[in-house]
Enquirer: 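Just passing along the structure, written as structure tokens.
The first residue of the sequence shown is numbered 1, and numbering continues consecutively from there. All of these numbers come straight from a predicted model, not from anything done at the bench. Both counts, for ligands and for their atoms, begin at 1 and track the order of listing.
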Amino acid sequence: MADEIKQNAIAAAGAVYYLFGATGDLARRKLFPALFSLYREGKLAEDFAVVGLARRPRTDEQFRADVYESIGEFCRYKADDEALWNKFAEHFVYMSLDINNVDGFRELSALTKKLDAKFSIPGNRLFYLALAPELFGSVSFHLRDGGLLESQGWKRLVIEKPFGYDLESARKLNEQLSQVFKEEEIFRIDHYLGKEMVQNIQVIRFANAFFEPLWNNRHIANVQITLSETVGVEERGGYYDKSGALRDMTQNHMLQMLAMIAMEPPSRLHPEDLRDEKVKVLRSLRPFESSKEVNEHVVRGQYSEGSLKGKPLPGYRQEDSVNPNSTTETYLAARVFVDNFRWAGVPFYLRTGKRLPVKTTEVVVEFKNVPNNVMFAGHHDLAPNLLVIRVNPMEGIYIKINAKKPGVDNVIQPVAMEFCQSCQVGLNTPEAYERLIYDAARGDSTYFTRWDEVAQAWAFVDRIAAAWRENSSSLQFYPAGSWGPERTEQLLAQDGFHWWPVNGQDEDNVIWISGSPNAK
Ligand code: BG6
């Protein structure tokens with residue numbers, strides 16, 4: 001089976017992968033497992049090396065043991081074939097590096113030459129910065145000054161979010177990076193774009209005659225995007241308290257999802273075409289002109305003490321490394337408009353939060369009701385048609401339609417027809433990071449965010465941040481384990497809508513048609 005998968009794979013060109021932050025959480029949970037999966041599937045051939053970099057001293061053996069452990073815990077493939085594991089592990093080396101000192105980078109350059117020779121690597125370099133963003137600029141300068149960019153092959157910089165703190169800081173950061181790398185060499189990660197079902201949005205939209213003709217303000221009543229999490233801030237209180245749901249989830253993941261839903265079909269499958277279409281959506285977002293407008297359209301919440309599945313939970317202000325008087329939002333809901341021809345007048349409702357009742361990412365597209373014709377007039381209260389795209393943790397889509405209930409009474413009932421991708425036996429969906437690392441190694445920037453997208457997204461959310469700074473009383477509390485502040489419901493009720501239940505937890509009268517064990 002593994003051989004079969006390997007034979008069909010196209011390996012990325014050989015390169016040295018530099019993992020800055022190699023002892024951190026991201027490397028352990030996501031990056032090592034992703035590299036192993038790519039290797040298992042033949043998407044990494046033998047001409048590669050991974051250099052783990054962090055300040056902490058570690059031998060190559062210890063580093064390989066860390067990698068092994070992370071794969072055991074987080075990878076969708078097991079490292080149970082000893083020969084394969086040993087062959088893979090050989091490619092991993094570790095170097096302790098003080099990133100503030102350019103001398104270390106010169107040493108790294110010398111190490112690279114050895115690795116190039118040992119694994120026949122053609123001079124390609126992929127620098128993955130899983131670091132605090134304030135270090136991106138100086139590391140880039142040191143890469144240049146330490147001689148790491150002086151090679152024949154390509155050089156690419158892969159960076160994690162957050163890209164700045166607001167538009168101004170993002171601009172400064174971008175200026176620094178562009179002194180060293182060209183825009184096409186910078187791969188800004190938004191891991192939501194690596195998710196299978198986010199990428200599937202464009203296929204569902206553009207490859208089905210059912211949807212695209214209806215994908216506009218004549219037929220769509222509203223769109224609801226939910227990114228809910230059950231976790232709190234865990235060990236990340238220090239970072240999160242300065243960030244909040246606006247910067248942590250909205251500026252990036254939420255707006256990117258919105259852009260995928262709302263964009264025009266790109267004319268070609270070139271990365272720039274897709275990104276051009278997304279940036280047009282971001283440019284068309286109706287900006288909030290005043291704090292009053294922000295108050296009207298955006299709900300800002302923070303969790304207080306509560307409970308989830310019977311387990312008592314502390315409030316946000318009691319979490320580690322969080323200011324006990326913090327006004328940072330752990331929840332955000334917003335009504336936004338895309339002011340273009342296709343979407344004029346259609347509200348997009350966004351919500352995201354920590355300590356909500358379920359972990360889910362879902363997009364609900366609610367269609368306008370059909371006119372009540374003679375046949376139905378007065379007799380039935382028809383539920384609107386829905387298209388629901390389930391991104392995570394369950395992957396799939398379902399549509400909700402109205403159908404006749406068998407029998408003589410002419411009763412109409414809602415029916416949900418589901419395609420449950422996660423329920424397919426034997427399907428081993430790649431993790432977002434696999435796709436993204438593979439794409440970066442192939443130079444495909446389709447699912448990375450371009451600078452103009454990042455800048456537009458900041459320009460949009462900065463106005464919300466500014467209004468909140470002016471008006472700290474806009475913060476509303478919600479008990480941990482609930483669906484957020486009450487006002488979130490009103491946001492939709494004002495427009496005659498309501499949030500649709502997520503996770504397939506639809507009303508009891510819906511009949512599910514699906515072979516999946518997940519359907520009710
Ligand atoms: C990250 C945020 O970007 O996304 C986290 O920093 C959040 O706060 C995470 O928990 C959610 O990602 P996913 O893939 O688990 O939905």
Enquirer: May I have all residue pairs that pass salt bridge (Lys or Arg N to Asp or Glu O under 4.0 Å) and include part of residues 433-451, sequence neighbours excluded?
Expert: Arg76-Glu434, Glu272-Arg450, Asp276-Arg450, Arg435-Asp439, Asp439-Arg442, Arg450-Asp452
Enquirer: Measure from every N or O atom of ligand 1 to the protein's N or O atoms and keep only the pairs below 3.5 Å, writing each with atom names and distance to 0.1 Å.
Expert:
| unit_1 | atom_1 | unit_2 | atom_2 | d |
| --- | --- | --- | --- | --- |
| ligand 1 | 3 (O) | Lys161 | NZ | 2.7 |
| ligand 1 | 3 (O) | His253 | NE2 | 2.7 |
| ligand 1 | 6 (O) | Lys161 | NZ | 2.7 |
| ligand 1 | 6 (O) | Arg236 | NH2 | 2.8 |
| ligand 1 | 6 (O) | Asp248 | OD1 | 2.6 |
| ligand 1 | 6 (O) | Asp248 | OD2 | 3.4 |
| ligand 1 | 8 (O) | Arg236 | NH1 | 2.9 |
| ligand 1 | 8 (O) | Asp248 | OD2 | 2.6 |
| ligand 1 | 8 (O) | Lys354 | NZ | 2.7 |
| ligand 1 | 10 (O) | Glu229 | OE1 | 2.5 |
| ligand 1 | 10 (O) | Glu229 | OE2 | 3.3 |
| ligand 1 | 10 (O) | Lys354 | NZ | 3.2 |
| ligand 1 | 12 (O) | His191 | NE2 | 3.1 |
| ligand 1 | 14 (O) | His191 | NE2 | 2.8 |
| ligand 1 | 14 (O) | Lys195 | NZ | 2.6 |
| ligand 1 | 15 (O) | Lys359 | NZ | 2.8 |
| ligand 1 | 16 (O) | Tyr192 | OH | 2.4 |
| ligand 1 | 16 (O) | Lys359 | NZ | 2.7 |
| ligand 1 | 16 (O) | Asn392 | ND2 | 3.3 |

Enquirer: Keeping Gln224 on the side-chain end and His498 on the backbone end, is there a donor-acceptor pair under 3.5 Å?
Expert: yes
Enquirer: Do Lys354 and Glu234 meet the salt-bridge criterion of a basic N to acidic O distance under 4.0 Å?
Expert: no
Enquirer: Nearest 0.5 angstrom please: Gln251 CD to Leu282 CG, how far?
Expert: 9.5 Å
Enquirer: Could you check whether Asp25 pairs with Lys30 (Lys NZ or Arg NE/NH1/NH2 to Asp/Glu carboxylate O, under 4.0 Å)?
Expert: no
Enquirer: So that I know where these two stand, are Phe288 and Phe460 an aromatic pair - ring centroids less than 6.0 Å apart?
Expert: yes
